[in-house]
Novice: 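After the structure tokens below, expect a handful of questions from me.
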2 protein chains.
Amino acid sequence: MPERGDGTRQRLLEAAADCFSANGYDATGVSEICHRAGVSKGGFYHHFPSKQAVFLELLEQWLGALEARLTQIRDESPSVPAALHKMVDTFDQVLGSARGRLPIFFEFMSKAQRDPAVWAATIAPYRRYRAFFAEMIRRGIAEGSFREVDAEATALLLVSLAVGLILQSLLDPQGEDWAEKAQRSIQLILYVLQREGA
Amino acid sequence: MPERGDGTRQRLLEAAADCFSANGYDATGVSEICHRAGVSKGGFYHHFPSKQAVFLELLEQWLGALEARLTQIRDESPSVPAALHKMVDTFDQVLGSARGRLPIFFEFMSKAQRDPAVWAATIAPYRRYRAFFAEMIRRGIAEGSFREVDAEATALLLVSLAVGLILQSLLDPQGEDWAEKAQRSIQLILYVLQREGA
DNA sequence: TAATAGAGACCGACTGGTCGGTATGTGAGA
DNA sequence: TCTCACATACCGACCAGTCGGTCTCTATTA
């Protein structure tokens, strides 16, 4: 049962996400968020202690959703390579559906450099991602899909590649078919992982 | 022959770079830059039309220097794989020496999303990087070091990897030995490129 | 059931301070 | 004396956060 103020709170969060995406954190005023949500300034500060609190909550939502999606794909896939491929397949979905929201990503990174609170909120899930993929690699080795590679190093490679691709696709959205590029790159990596090489 | 005001201008640029690195673009006030440079606000606006102009000039300097360094390494190396390895070797140098300055990187990206001027200044050199590496790959194929891969796709892979590694090393500086990780990753890629695989 | 008291939701004017940028002044060199 | 390189003082806009107050819903009591 939704509490009385939950709708307002949610509207504020969504409005904030829109504004931050469109204009960036610093350039977005609290009053702008309020206007968009149809809430007064007082209402805003009733629900959130500060502008940054909204920012952090959005960060948590976003990273959490991504992790949930990845976990879901992993659990639905028959094998580790299949799961990785599936993740790449949804790459452009992720990019497409959240296109407008992704620019906040940079904002997070940028802020994380300076603000310990943001840093903690960013680095923790990020390390979980690395651990998540390392675990996948280990599983792949166990199930016989992969050679006996260094799981941590390979996970780092995968995450780096993903991060780099996302970053570039953000920077230059219509420059390339990013999903296809991602597809190719991951295939190359998988090829190396799977083969019995020297 | 240095003009009368060149020293001041340079001091302003350096002060701005320091401030932007330490606190970010938005959080840095023009007066802060002026104070650090020992110049008045009038002096600042005598040399630069706006705060953004300084930002753009720094961006240009930074990207240009990186490109020059890469070109130098390429021209000094006996073969393409050697050049790539050398570039990776200097990876931690780049990270280390410019550690403090690199966070502006995010700022650039962040701003490039919204500001056409910054976008243009960012995307142009970035595309040159991709072309630069594609050309290197092609050269590697010509000299017999590499298999006949898709040069553009491989260049994208390399750049993505580099970007991803840089980004992560910025986010989590003392988490890993990033130079070594980079080393490993690039070796993996080179291994694939060089071998005569199926 | 009706009156009442209180708590949480929300309003919007206001504040204290900051910041980018400008207008004007000034001293030194040509 | 004229110009260039800078200094000083200042403006107007803006913005995060505050504060006193109102409205509405709910729980209690008579």
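So that the names make sense, note that chain A is the first sequence line, chain B the second, and so on, each numbered from 1.
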Novice: Tell me: CZ of Phe48(A) to C1' of dA16(D), nearest whole Å?
Specialist: 16 Å
Novice: Taking atom CD of Gln187(A) and atom NE2 of His85(A), what is their separation to the nearest 0.5 Å?
Specialist: 4.5 Å
Novice: Let me have the donor-acceptor pairs involving side chains of residues 67-75 of chain B, under 3.5 Å, with sequence neighbours excluded, atom names and distances please.
Specialist:
unit_1, atom_1, unit_2, atom_2, d
Glu67(B), OE1, Arg128(B), NE, 3.2
Glu67(B), OE1, Arg128(B), NH2, 2.9
Glu67(B), OE2, Arg128(B), NE, 3.0
Arg69(B), NH1, Gln72(B), OE1, 3.0
Thr71(B), OG1, Glu67(B), O, 2.8
Gln72(B), NE2, Glu76(B), OE2, 3.2

Novice: Could you tell me how far apart Tyr45(A) (OH) and dA16(D) (P) are, to the nearest whole angstrom?
Specialist: 6 Å
Novice: Is there a side-chain contact between Pro81(A) and Met136(A), using heavy atoms and a 4.5 Å cut-off?
Specialist: no
Novice: Does any pair with a residue in residues 148-157 of chain B pass side chain to side chain donor-acceptor pair (under 3.5 Å), and if so which ones, sequence neighbours excluded?
Specialist: Arg184(A)-Asp150(B), Arg138(B)-Glu152(B)
Novice: What parts of residues 25-44 of chain A reach DNA chain D, counting only heavy atoms under 4.0 Å away?
Specialist: Thr28(A), Gly29(A), Val30(A), Lys41(A)
Novice: Does a salt bridge link Lys51(A) with Asp26(A), judged by any charged N lying under 4.0 Å from a carboxylate O?
Specialist: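 Between Asp26(A) and Lys51(A) there is no salt bridge, as every charged N stays at least 4.0 Å from the carboxylate O atoms.
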Novice: Would you mind checking if Arg9(B) and Glu57(B) are paired as a salt bridge, meaning a charged N to carboxylate O distance below 4.0 Å?
Specialist: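 Looking at Arg9(B) together with Glu57(B), the answer is yes, because their closest N to O distance falls below 4.0 Å.
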Novice: Check whether any side-chain N or O of His47(B) sits under 4.0 Å from OP1 or OP2 of dC6(D), and answer yes or no.
Specialist: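 Yes.
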Novice: So, is His46(A) near the phosphate of dG8(C), with a side-chain N or O under 4.0 Å from OP1 or OP2?
Specialist: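 So the side-chain polar atoms of His46(A) never come under 4.0 Å of the phosphate oxygens OP1 or OP2 of dG8(C).
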Novice: Would you please confirm or rule out a distance under 4.0 Å between OP1 or OP2 of dC6(D) and any side-chain N or O of Thr8(B)?
Specialist: yes
Novice: Taking the side chain of Lys51(B) as heavy atoms from C-beta outward, which of dA16(D), dG20(C), dC6(D) is closest to it?
Specialist: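 The nucleotide sitting nearest to the side chain is dG20(C).
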